[in-house]
Q: 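The structure that follows is given in the form of structure tokens.
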Amino acid sequence: ETGVTQSPTHLIKTRGQQVTLRCSSQSGHNTVSWYQQALGQGPQFIFQYYREEENGRGNFPPRFSGLQFPNYSSELNVNALELDDSALYLCASRPGLATDTQYFGPGTRLTVL
Amino acid sequence: GENVEQHPSTLSVQEGDSAVIKCTYSDSASNYFPWYKQELGKRPQLIIDIRSNVGEKKDQRIAVTLNKTAKHFSLHITETQPEDSAVYFCAASTRGSAGGTSYGKLTFGQGTILTVHP
């Protein structure tokens with residue numbers, strides 16, 4: 001059984017650009033959540049995907065969007081990057097909506113210059 | 001929405017001592033409380049969790065207690081070791097109803113930097 005993986009590991013972008021981050025959920029997990037972790041802070045919920053549909057959203061603007069594919073992998077897209085978007089982006093997967101335990105990937109470190 | 005406060009922000013102990021980290025939450029509907037350990041540059045790792053129908057849970061040197069009335073929960077680490085040094089996060093989650101609500105969303109505390117001195 002493989003764990004949650006994310007790519008790329010690190011990314012540097014400039015303000016105004018767009019970025020796509022990728023997440024492969026743990027085998028058998030159909031629910032993926034994305035979190036943003038600013039330096040020195042706890043992770044903040046961005047949104048959650050279940051069976052290819054957005055199932056819930058945190059307090060993030062519409063320029064943060066996502067996708068989930070039939071194999072339950074997921075993408076996080078951020079448009080019009082701002083300096084404050086610099087953070088560690090984590091995805092977490094779990095077997096279904098009714099389960100509580102979430103397993104995190106290693107994250108993508110995004111730096112916006 | 002849910003708000004989780006975590007204290008202290010830093011904690012320094014000697015090897016072999018106990019460490020206690022406390023969290024309070026605001027939403028009485030929260031019913032799942034995990035604790036994550038995050039080492040520098042690594043993913044958050046679940047170390048223990050507790051559900052609202054239980055008051056205490058223990059796993060070797062780690063224990064968590066929950067007081068639903070006061071809306072607070074605590075992590076207890078006994079016989080600390082240098083490898084326990086990391087950032088610890090508490091979180092709270094509310095299981096919503098079927099039909100699109102965001103259940104399973106974790107609201108995290110601000111984190112506690114634990115340093116265990118040999």
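Note on naming: letters A, B, ... go to the chains in the order of the sequence lines (proteins, then strands), and numbering restarts at 1 for each one.
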Q: Under the criterion side chain to side chain contact (heavy atoms under 4.5 Å, CB included), which of B:Val20, B:Ile48, B:Leu114, B:Thr65 is the partner of B:Leu75?
A: B:Ile48

Q: Could you check whether A:Arg63 pairs with A:Glu82 (Lys NZ or Arg NE/NH1/NH2 to Asp/Glu carboxylate O, under 4.0 Å)?
A: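 Yes.
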
Q: Need one label for B:Leu106: side chain, backbone, both or neither, based on atoms under 4.5 Å from any heavy atom in chain A.
A: both

Q: Is A:Arg15 salt-bridged to A:Asp85, going by a charged N under 4.0 Å from an acidic O?
A: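 Result for this pair is no, no salt bridge flagged.
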
Q: Pick one of side chain, backbone, both or neither for A:Gln37, based on which atoms fall under 4.5 Å of a heavy atom in chain B.
A: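 Just the side chain, heavy atoms under 4.5 Å.
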
Q: Calculate, to the nearest 0.5 Å, the distance between atoms CG and CZ belonging to A:Asp100 and B:Phe33 respectively.
A: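 Nearest 0.5 Å value for the CG-CZ distance: 10.5 Å.
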
Q: Side chain, backbone, both or neither: which part of B:Gln38 has a heavy atom under 4.5 Å from chain A?
A: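 Interface part for B:Gln38: side chain.
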
Q: Does any heavy atom of chain A fall under 4.5 Å from the side chain of B:Pro34, the backbone, both, or neither of them?
A: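 Neither part; nothing is under 4.5 Å.
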
Q: Side-chain contact test, heavy atoms from C-beta onward, threshold under 4.5 Å: evaluate it for B:Phe73 versus B:Cys90 and give yes or no.
A: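 Yes. Closest side-chain heavy atoms under 4.5 Å.
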
Q: Give a yes or no answer on whether the side chain of A:Gln68 reaches the backbone of A:Arg51 with a donor-acceptor pair at less than 3.5 Å.
A: yes

Q: Chain B heavy atoms under 4.5 Å from A:Thr101: which part of the residue, side chain, backbone, both or neither?
A: both

Q: So for A:Tyr35, is it side chain, backbone, both, or neither that comes closer than 4.5 Å to the heavy atoms of chain B?
A: side chain

Q: Under 4.5 Å, counting heavy-atom pairs only, tell me which of A:Gly107, A:Gly105, A:Gly42, A:Pro43 racks up the most with chain B.
A: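 Highest number of pairs under 4.5 Å: A:Pro43.
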
